[in-house]
Undergrad: 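The following block contains the structure, expressed as structure tokens.
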Amino acid sequence: MAHDERMTKDFVRDIVDAHLASGRFGQRVHTRFPPEPNGYLHIGHAKSIVLNFGIAEEYGGKCNVRFDDTNPVREEEEFVDSILEDVRWLGYDWEDRLFYASDYFDQLYEWAVDLIRKGWAYVDDQTVDEIRAQRGDLTTPGTLSPFRDRSVDENLDLFARMRAGEFAEGERVLRAKVDMSHPNMNMRDPIMYRVLHATHHNTGDRWCIYPSYDWAHGQSDSIEGITQSICTLEFENHRPLYDWLLDRLGVHHPQQIEFARLNISYTVLSKRRLRQMVEDGLVSGWDDPRMPTLRGMRRRGYPPAALRDFLSRIGVAKVNSTIAFETLEHSIRDHLNRTARRFMGVLDPLPVTIENLPADLDDTMDFAVNPEDPGAGTRAIPFSADLVIERDDFMEDPPKGFHRLAPGREVRLRNAYLATCTEVVRDGSEVTGLVCRVDPGSRGGNAPDGRRVKGTIHWVSVPHAVEAEVRLFDRLFTVEDPMAGDGDFMSYINPDSLVVRKGCKVEPAVTGIGPGETFQFERLGYFCVDPDTTDGHLVINRTITLRDTWARIRGER
RNA sequence: AGCCCCGUGGUGUAGCGGUUAUCAUGGGAGACUCUGGAUCUCUCGACACCAGUUCGAAUCUGGUCGGGGCUGCCA
């Protein structure tokens, strides 16, 4: 697939270049995306997907999807399907290379036996607590396990019995014999296998011992012939172990490369915290349009190409950083501006009667499908003398700088007529409607005498309109870094992150828009049809507003 | 405290011994406009610090300071 071009070269690609130049892996480039099937993917995972698949594409290599399913008690089949769906939606194809770490359990077992034979692994009978206590701490070396010097034969026998199910969980464990006084804690005889009498989503009850991440990951990479094993920074301290294990085995040895995970202001990107928001009901689910999950963003109307663009422009590095939410928004708007079809909708309707047009007028106006894309052509929008406009577009006593409608003022009804407000209808103090007079010669929107009209507002013809519920979303948190400070991040949830508007009026063509298409309501922003829509009830999500200079000016006053 | 990693405009990012220190985003000003959108122009703004090597250092070396990670039978 021909994806968007990257803007800069990063340190990961520099390393790949160096590998190619030295011929370390021949001329092969083979990466992998290794999710654990225990939750839904979010934009942070997308950074890894785009990196791994992107590099494979650029270098004419391949990228696998491999589920890191080594912990049966946390993982579920349902997540496998959702993860694959999300990867596909993002625009990537693993072809026939869908793997599971659990595919390699037999090989992993054989290799463990091999290490035992070579004296590099042993069965430990200690409890979790004993092992923890004996590990030492950051400044104190660990102490040796009393079982560390068992004979190879005894280790072999015990390990076989672990596999056979003779021991309870926690009773025995297989450990790599590395160095209990190593300054890197990961090297203090790390656990390779633990007993878990649990049913695995893939292997069922075939196993009751399961490999740890450290024992499974590098070896799986090796089996698949991976060349660059790209992971996040927190695995940096695991690299010595990754290398140690592969070196003892003497098998294909990929290069682990670590990059900084993604952080975005005004949101959180951690499975645990996202889960908490779902479970506490602060959002409607993992696909709530406010969630930074891929499912949430899809439902919100973010196009996958915009996400790819965003991820490629923020780059990849080793510095921990937080990307401004505005940067994401820019990519969304930029993509949508170029691609989205334009429609009209009124979120907060104010009735307008055109006094000098026939009450039964049934006209249509030409409208550009997308002014940014002349090739998209034009279409017709129904027009009548009975309209609604946005309440915000009228002020009885407008401040300077306001160039929308006001008593006696003329504005352009977009693509229709120049209209002057001749009367304000009210119920008590509340304005309930307007009467306008239209310049008959301005049909289409241009003044017959060429006079300039500064304001242009949008409208919808009431007899043709469809009613809709529109959901307006805003950032999930009120502070840039919800994790900062010692308060609970949940207390920073933005109470206005969802505002529901009912009784909105939209042009009838909107009902023909399918799922997955994000369109523009002129002057308002980008929107999409929500799956909650039923036959009689149209539900629309606001993906993002248009930049609103007027709002900014007002806000700064 | 031990080990590992990282410090370039507000936010990201390029830079690989000699550049007016890149680009984007963001802020400000203006032009244009049938979306107060888009577009265009101008503008603001950074090499953490101190030594050293060198004719020359954001780039190399050492130190200081600052940030992050690591003490699951999680990944």
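In what follows, chains are A, B, ... by sequence order, proteins preceding strands, each numbered from 1. Here the structure is a predicted model, which is why all the values come from computation and not from measurement.
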Undergrad: Report all interatomic pairs (protein N or O, nucleotide N or O of nucleotides 21-26 of chain B) with separations under 3.5 Å.
TA:
from: rA24(B); atom 1: O2'; to: R313(A); atom 2: NH1; distance (Å): 3.0
from: rU25(B); atom 1: OP1; to: H330(A); atom 2: NE2; distance (Å): 3.2

Undergrad: Is W550(A) stacked against the base of rG36(B), taking the criterion as centroid distance under 5.5 angstrom and interplanar angle under 30°?
TA: yes
Undergrad: How does protein contact run along nucleotides 66-72 of chain B, one letter per nucleotide 5' to 3', with B for base contact, S for sugar-phosphate only, - for none, heavy atoms under 4.0 Å?
TA: --SBSBS
Undergrad: Is the shortest side-chain N/O distance from T70(A) to OP1 or OP2 of rA75(B) below 4.0 Å?
TA: yes
Undergrad: Determine the interatomic distance between P on rG37(B) and the same-named atom on rG30(B); round to the nearest Å.
TA: 13 Å
Undergrad: By nearest atom, which of the nucleotides rU35(B), rU13(B), rC74(B) is closest to the V319(A) side chain?
TA: rU13(B)
Undergrad: According to ring-ring contact (aromatic ring centres under 6.0 Å, His included), who are the partners of Y104(A), at least two apart in sequence or on a separate chain?
TA: none
Undergrad: Enumerate the salt bridge (Lys or Arg N to Asp or Glu O under 4.0 Å) contacts for residues 367-382 of chain A, please, sequence neighbours excluded, ordered by first and then second residue.
TA: R379(A)-E507(A)
Undergrad: Are any of R523(A)'s side-chain N or O atoms less than 4.0 Å away from OP1 or OP2 of rG36(B)?
TA: yes
Undergrad: Starting at atom NE2 of H335(A), determine the distance to atom C1' of rG37(B), rounded to an integer number of angstrom.
TA: 17 Å
Undergrad: For rU33(B), take OP1 and OP2 only and decide whether either is under 4.0 Å from a side-chain N or O of R452(A).
TA: yes
Undergrad: Residues two or more places apart in sequence or in another chain: which of them pass side-chain hydrogen bond (donor to acceptor under 3.5 Å, both in side chains) with S102(A)?
TA: D69(A), N202(A)
Undergrad: Name the stems with RNA chain B in them: runs of three or more consecutive Watson-Crick or G-U pairs, distances under 3.5 Å?
TA: B:2-7 with B:65-70, B:10-12 with B:23-25, B:26-31 with B:39-44, B:48-52 with B:60-64
Undergrad: So which nucleotide from rG37(B), rG36(B), rC73(B) ends up closest to the side chain of E372(A)?
TA: rG37(B)
Undergrad: Checking understanding here: a glycosidic angle within 90° of 0 is syn, the rest anti, so what is rG62(B)?
TA: anti
Undergrad: F402(A) has a side chain; which of rA75(B), rU35(B), rG36(B) sits nearest to it?
TA: rG36(B)
Undergrad: Is there a side-chain contact between R272(A) and the phosphate of rA75(B), meaning an N or O under 4.0 Å from OP1 or OP2?
TA: no
Undergrad: Identify which nucleotide among rA75(B), rU35(B), rA14(B) has an atom closest to any side-chain atom of D68(A), counting heavy atoms from C-beta outward.
TA: rA75(B)
